[in-house]
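Along the sequence shown, residues are numbered consecutively beginning with 1. Only a predicted model underlies this, so the values are computations on that prediction, with no experimental measurement involved.
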Amino acid sequence: MTPKICKLLTLCLALAVLLAGCKLLPTPPASSAPSTPAAPSQPAAPESAAPAQSAPAASAPGGSAQDAPAAPLTGEYRAMWISYLEWEAVDFSSEEAFRRDASIMLDNCAALGLNTVIAQVRPFADALYESKLFPWSHLCTGTQGQAPGFDPLAVLTGLAHDRGLRLEAWLNPYRVRLNANYPAGELADGHPALLHPEWVKQAQEGIYFDPSNPEVRQYIVQGVEEILRNYPVDGIHFDDYFYPTTDPAFDAAEYAAAGGGLGLDDWRRENVNALVRACYDAIKAVRPAAVFGISPQGNPDNNYNGQYSDVGLWMREGGYLDYVMPQLYWGYGYTTRGGSTRYAFENISAEWAGMQRAPSVALYFGLGAYRIGEGDGGNYDAAASGWQTGHTLADMVKTGRDCGADGYALYRYDFLFRTNNWAELASSEGAALSEVNAG
């Protein structure tokens, strides 16, 4: 571990006893896929169609002053997640090279009949855009804090809108480091985690902003406002990473200082609620037509008890988000080791569709393209073969339509367009998706 990180962790330890706690996740394992280099953790959430609003966004450096948000979404939401793992294979050496690679990706998304791209632009409290609040991402040059010489988000929004695609900016609000080795190297000089060591905490090997800190929440809100004011993105998307641990020691000092009447779990949930409310309010104040969506885990129990995200409240109350996109990454007939079929796609999709929703909140399903060929590891005969049909994702889109979902997103781009092991199968899945989208 680097000297700066050691110093950072030492300062954190002075504030609270930090234990390397394991996240306690009930069966089945988390279904998330949007946020870590591993399969379950990298998506974000979609949005409901908000009325058109012409509060023009200023163009970012390197962007086009004529660029503007896409037309409001009408009809079904059809999206692709493009994560930091995809960016690792993109050429950032020049604007021309980036345009070439990004254009290929966007053309492929459009050819599927999609209308939205959810692009991860702040994965580790760093930015794939010019920011006064966060350093340049290591994904751009290999070194956090080093500018690539052009503005990837400005280029990306222009390319997407040229193709009639909406572009949502996907942010991970709390994560600073996934572990001691990623992102590689030291945090950049001026990183908010170094400027404000009291804002961060350690969980296992990772470093995270403290969800209970009001200054942290305000900073995250400012980061959302900065994007909306400088870029014509069509929405802001959060993935499923909120509290990184259930360990009571993680924020014991802060909880003791709060001195309120709430139990620890409810207090943590209210900390997350406060962030989500503040982000929603800020988005609607800056640009009412921009949407705010969150992609929680597919297991409602994990969300409520493991990450302290009260998704049910956000859905039924309104005023928290425009859409929720649970990550339903299990196959038809999925069965746990204990024999439960609650998470079989046909069952868990119906469960989410049956949850109470305010009229302003849309429901989209996150679908696990990364399962193609490999399967979902369930305790049933079709755990692999059910993902080898060549049309499983298209079937899930139809099931979502039948149960009243407003759209879907695919996790993630590489598993449909840059896979080596299952290229022929991925091509078949793509053709089936194109057909179901055209119908």
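- Within the model, atoms OH of Tyr408 and CG of Leu367 stand 8.0 Å from one another, a figure rounded to the nearest 0.5 Å.
- Ring geometry for Tyr329 against Tyr370 counts as perpendicular: the plane angle is over 60°, on a 0 to 90° scale with 30° as the lower cut.
- In this structure, Asn213 contributes its side chain and Trp199 its backbone to no donor-acceptor pair below 3.5 Å.
- Taking CG of Leu85 as the reference point, atom CZ of Phe415 lies at 8.0 Å (rounded to 0.5 Å).
- Taking the six-membered ring where the residue is Trp, Trp87 and Phe92 present perpendicular rings, their angle passing 60° and hence far from 30°.
- Within the 4.5 Å cutoff, no side-chain heavy atoms of Trp387 are placed close to those of Glu429.
- In this structure, the side chain of Ser295 engages the main chain of Met325 through a donor-acceptor pair within 3.5 Å.
- Val117 has its side chain out of reach of Met105: every pair of non-hydrogen atoms, C-beta onward, lies at least 4.5 Å apart.
- Between Arg357 and Asp406, at least one side-chain nitrogen of the basic residue sits less than 4.0 Å from a carboxylate oxygen of the acidic one, meeting the salt-bridge criterion.
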As a quick check of understanding, evaluate ring pair (Phe, Tyr, Trp, His ring centres under 6.0 Å) for Tyr208 and Tyr243, giving each step before the final call. CA-CA 9 Å; Tyr208 301 85; Tyr243 267 84; over 10 Å; no
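- The minimum heavy-atom distance between Phe98 and Phe150, with the atom names listed, is CB-CZ, 3.5 Å.
- When each of Arg269, Arg268, Glu270 is tested with Tyr308 by the rule side-chain hydrogen bond (donor to acceptor under 3.5 Å, both in side chains), just one qualifies, namely Arg268.
- For Glu435 (side chain) and Asn437 (main-chain N/O), no donor-acceptor pair under 3.5 Å exists by modelled atom type.
- Taking 4.0 Å as the cut-off between side-chain N and carboxylate O, Arg100 and Glu96 do not count as a salt-bridged pair.
- Applying the ring-ring contact (aromatic ring centres under 6.0 Å, His included) criterion to Tyr280, with sequence neighbours excluded, gives no partner residue.
- Of the listed residues (Thr116, Leu114, Leu410), just one forms a side-chain contact (heavy atoms from CB on, under 4.5 Å) with Cys109, and that residue is Leu114.
- No side-chain heavy atom of Ser212 sits under 4.5 Å from any side-chain heavy atom of Phe250.
- The aromatic rings of Tyr182 and Phe124 lie perpendicular to each other, with more than 60° between the two planes, well past the 30° mark.
- No donor-acceptor contact under 3.5 angstrom links the side chains of Asp310 and Tyr320, judged on distance only.
- Ser131 and Glu226 are linked by a side-chain donor-acceptor pair at a separation below 3.5 angstrom, with hydrogens and angles left out of the test.
- The closest donor-acceptor contact from the side chain of Arg177 to the backbone of Pro183 lies under 3.5 Å.
- Annotation: cation-pi geometry not satisfied between Arg418 and Tyr413 (NZ/CZ under 6.0 angstrom from ring centroid, within 45° of ring axis).
- Tested against Asp234, the residues Arg166, His161, Arg287 include a single side-chain hydrogen bond (donor to acceptor under 3.5 Å, both in side chains) partner, His161.
- Residues forming a side-chain contact (heavy atoms from CB on, under 4.5 Å) with Pro123 (at least two apart in sequence, or on another chain): Tyr84, Gln120, Asp126, Leu128, Leu139, Arg175.
- For Ser83 and Glu86, the side-chain atoms include at least one donor-acceptor pair closer than 3.5 Å.
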